[in-house]
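Accompanying notes for the structure given below.
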Amino acid sequence: MTEPTLTDRELLSRLLDADLTEGDAATLRERLADEPELARAWRTMQALPDQLATLPSLQPPAATPKGPARFWRAPRGAGGPGGRLPAVAALAALLALASFGPWLRAPADQVLLAGSAWVRGDVDLLAAGTTVHVDGRAWIHVEPPGGLLREGDVNLPELPTMDRKQVLAALAGAAITVTVYEGRALLSPDDGAPVTVEAGETWSSAEPPERPPATRVRVARSAGADPSDPATLQAENAALRAELAATHARAAMLSGQLHTYQGEPQPWTDDIPEAFRPDAFEAAIRRALGELGNPEALVSLDCSEYPCLALFSLPDGDTRERAGAIAEAVGAEFPEDANASMRVSKSDDDGAVTTLAGLSLTPPGDDPRDDEIQARLVHRMESAVEGLVGGADESDEDVTAPR
Amino acid sequence: MGAPPIRYRRSVLDAATVRRAARGEARAWAHLTEHCGAAVWSLCVRLDPEPEDAWQEVWARVARTLERFDPGGPASVKTWIARIAHRLLVDRHRRRQARPRGGELPELPDHRDAEQALAHKQGVHRIEAALATLPPAWRRVVVRHHIDGVELEVLAADEGVAVGTIKSRLHRGRARLSELLEQP
């Protein structure tokens, strides 16, 4: 008996796919009846497709690969830095933005001339005279020199093709501040050494960050030193005190970084109008939901810090319409030009969709704490949703107030 | 006031999620990679000697082109991504072929020990090890057709060759596999 050749096996493969002429197929079938070894090879060939099809998938690496970069800036007239919209109009604009994709992809030559912007993803841009590479999430603010560029403020989606040298010349003297919330940013100023800004850190070209020296003092005893000698003990005591001071400084720095990342909790101060305080806020929410005929929608209310954050459960269906209805009903209970922030989070379990919306309102006008409040609201919302829906299997839509 | 905790273990990769992933939303992107990751990684491991590099390259290409995916089209996003991966792996193979080599190196994934795996006589290991010994062109066709269920005409388009060429590669690949799997 002879072993089937590779050519024999190729013929068997073609027979499996009916890829032979009738004559060749008939000849091969006769051989299968007469040649046991060929028949065995035929059985192996017949089993092969199922064996391959049932091979298990291989587990991919744990780390999520980098995704598309995204860049967002509030459109002009809809509340740029320091601007405000009436609460309901703001929410309507934001919900519309969320519908049509406010997150833009940043080309490599994106330029931030003035003002502030959130940057997410893997983005390269030019801010003031500094090339900034962000890999994560960061807030970038550019304060141009004098009023030279105010008239020339440009919306990033409408960025003109400016010569890079013109841009750099015009921005000479501008100050840039970068606050990194996730990941890191690499800054390459034209006139300085590169700087890496890690998550929780803020870097400004106007005010160099103050960092405590990260020094550690080691007590090194010389060979033969008497540990009971007072001089030795005093030296060790001094060294330990220095190390303790350095540790305290580092702890303070880390605490500051944590607050930068999570936002600073804001206390309830006496100047906050009654309408925005916990009791009145809760009463207004309940009245609004009563008007909508859906009092059960409120799932949590957090007034442990300012401002109050209400979490609603939205029914399946048109999320934006339902969220907008709640926002409008709640907004009617507050002063017309109150500032509103809303964030929507959606989860799905075997087809059962649950949507949660977080809503917060603050009094009209500018508040010097706005940056901290917004950062804190993002953290509080994420924490609240995390506590209710658990796990990481949820998709979020950021619908926050324009700044 | 409070609501009982609600636990969710799985999310659906719907068109909205794909659109959000294309816009760069981190969680949507994580859903996408979780949903399609195993299929892409399997291709990278089976068809490329540097699967980690290939993996990064595939997802970088997906990130750049995801906005072009049509959720209303005939292919699912998983199929669409698998085709991107396939074409990229073909490109990588051709680049490797074009590079001048310092010596005669076998074209085998360097993370496998085919002879040792065959000696174990465990079905999955034997088949994976046997696959690893196939020439890349045969291996791609066998993997994509039998494991990913891709039609031969689609493979021919992705490889840029005639359907007859794809069939030849498939039959030769099967012949070699069946011979290896019959070995003790």
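Here is how names work: the chains are called A, B, and so on, in the same order as the sequence lines, proteins then strands, and each is numbered from 1. Remember, predicted model here, so these are calculated numbers, not experimental data.
Looking at B:L131, only its side chain comes within 4.5 Å of chain A, counting heavy atoms on both sides. The parts of B:E179 that come within reach of chain A are both its backbone and its side chain, each placing non-hydrogen atoms under 4.5 angstrom from that chain. For chain A, no part of B:A60 is nearby; none of its heavy atoms comes within less than 4.5 Å. Both the backbone and the side chain of A:Q51 come within contact range of chain B, each with at least one heavy atom under 4.5 Å from a heavy atom of that chain. Neither the backbone nor the side chain of A:L11 comes within less than 4.5 Å of any heavy atom in chain B. With a threshold of 4.5 angstrom between heavy atoms, A:L48 approaches chain B through side-chain atoms but not through N, CA, C or O. Heavy atoms closer than 4.5 Å to chain B are found nowhere in A:D8, neither backbone nor side chain.
Taking B:S168, B:G149, B:S42 one by one and counting their heavy-atom pairs under 4.5 Å with chain A, the maximum is reached by B:S42. For the set B:V62, B:I147, B:V143, the entry with the most heavy-atom pairs within less than 4.5 Å of chain A is B:I147. Taking chain A as the reference chain and counting heavy-atom pairs below 4.5 Å, the highest number among B:G37, B:G173, B:A39 is found for B:G37. The greatest number of non-hydrogen atom pairs below 4.5 Å with chain B, out of A:T7, A:T44, A:T5, A:L52, is found for A:L52.
Between the A:S360 side chain and the A:L309 main chain, no donor and acceptor come within less than 3.5 Å of each other. Side chain of B:W41 to main chain of A:Q59: a donor-acceptor pair is present (N/O by atom type, distance under 3.5 Å, no hydrogens or angles). With hydrogens and angles disregarded, a donor-acceptor distance shorter than 3.5 Å links the side chain of A:D302 to the backbone of A:S304.
Here the closest non-hydrogen pair linking A:A310 and A:I285 is CB-CD1, 4.2 Å.
The line from CZ of B:R176 to CD of A:E10 is 12.0 Å long, rounded to the nearest 0.5 Å.
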Chi angles and distances behind the side chain to side chain contact (heavy atoms under 4.5 Å, CB included) call for B:W29, B:L66: CA-CA 10 Å; B:W29 176 254; B:L66 187 59; 4.1 Å; yes
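Within a 6.0 Å radius of CD in B:E151, no more than 12 heavy atoms belonging to other residues, nucleotides or ligands are found.
Ring-plane geometry between B:F69 and B:W80 is classed as tilted, the angle between the planes lying from 30 to 60 degrees on a 0 to 90 degree scale.
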